[in-house]
Amino acid sequence: MTGATGSILGVHLLKVLQRMEIETHLIVSKWAAATLVCETDFTVKDLKALATKTYAASDVAAPISSGSFRTLGMIIVPCSMKTLSAVATGFGEDLVTRAADVVLKERRKLVVVARETPLNAIHLNNMVTITNSGGIIFPPVPAFYTKPQSVEDIVSQSVGRMLDMFDLDTEDFERWTGMH
């Protein structure tokens, strides 16, 4: 998790993966921690309790910084434009960006939940670079065909679609079945 708005997406993702009994490795940047407290009732300690393993953002020697550590991939949620830029340029200054670089070089799934609006040409070019390198840019855009009744409905649908990228079905949201 990095310091963009949308902490609830990361919280919900961890809850769902915990429920699905999928091993998780969490990195919380300094600004993600600050944003989490501003946006939710969760503390960083609460957040870390949802993960299987946690790492300090400065720990570039963590197991997930190596391609020999096997993973299904990585989701950066939320992803700040600073982190997006670092990933796009291969600037692995911290564990988030180093782990993302490893996922790309190993040809594993990288899902970047970019949280910024409006976007400028620099943001868009960085997104194209990540896409051309095998990453998936996933802005958390709500699907209104589900007729969401709450923010929770929107968050569940977004997280479910993120996990679809890994062929993991949360069964937590309504899927499009066509117009009736």
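Being a predicted model, the structure only gives us computed values, none of them experimental.
Inspection of the T43 and D46 side chains reveals an N or O donor paired with an N or O acceptor under 3.5 Å. S7 and E39 form a side-chain donor-acceptor contact under 3.5 Å, judged by distance and modelled atom types alone.
In this structure, P140 and R115 have side chains that are in contact, with non-hydrogen atoms separated by less than 4.5 Å. Annotation: side chain of V77 is not in contact with side chain of V111 (no heavy-atom distance under 4.5 Å). Within the 4.5 Å cutoff, the side chain of M127 has no heavy atoms near those of the V112 side chain. Using a 4.5 Å heavy-atom threshold, the side chains of D169 and R175 count as touching. Between M74 and K109 the shortest side-chain heavy-atom distance does not fall below 4.5 Å. With a 4.5 Å cut-off on side-chain heavy atoms, R108 and L72 do not count as touching. Side-chain atoms of L84 and I130, non-hydrogen and from C-beta on, do get closer than 4.5 Å to each other. Two residues are said to be in side-chain contact when any heavy atoms from C-beta on lie closer than 4.5 Å; V113 and I75 meet this criterion.
Taking each heavy atom of Y55 and A62 in turn, the nearest pair found is CD2-CB, 3.5 Å. Closest heavy-atom contact between P63 and F69: O-CB, 3.1 Å. Across Q157 and A143, no two heavy atoms sit closer than the pair NE2-CB, 3.5 Å. The heavy-atom pair separating A51 from L14 by the smallest distance is CB-CD2, 4.3 Å.
For D172, the salt bridge (Lys or Arg N to Asp or Glu O under 4.0 Å) criterion is met by R19, not counting sequence neighbours. Qualifying side-chain hydrogen bond (donor to acceptor under 3.5 Å, both in side chains) partners for H12, counting only residues two or more places apart in sequence or in other chains: E152, S156.
For the side chain to side chain contact (heavy atoms under 4.5 Å, CB included) with L47, the lone residue among V28, T40, V37, T54 that qualifies is V28.
Residue L163 holds its CG atom at 5.5 Å from CG of L13, rounded to the nearest 0.5 Å.
Taking Ile, Leu, Val, Met, Phe, Trp and Tyr as hydrophobic and joining them when side-chain heavy atoms fall under 4.5 Å apart, one finds V128 isolated, its cluster having no other members. Residue M179 shares its hydrophobic cluster (ILVMFWY side chains chained together at separations under 4.5 Å) with Y145, W176. F144 shares a hydrophobic cluster with no other residue; no ILVMFWY side chain has heavy atoms under 4.5 Å from its own.
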Let me check something: any side-chain donor-acceptor pairs from residues 92-104 under 3.5 Å, sequence neighbours excluded? List them with distances.
unit_1, atom_1, unit_2, atom_2, d
D94, OD1, V96, N, 3.3
D94, OD1, T97, N, 2.9
D94, OD1, T97, OG1, 2.7
T97, OG1, F91, O, 3.3
T97, OG1, E93, N, 3.2
T97, OG1, D94, N, 3.3
T97, OG1, D94, O, 3.2
R98, NE, S65, O, 3.0
R98, NH2, S65, O, 3.1

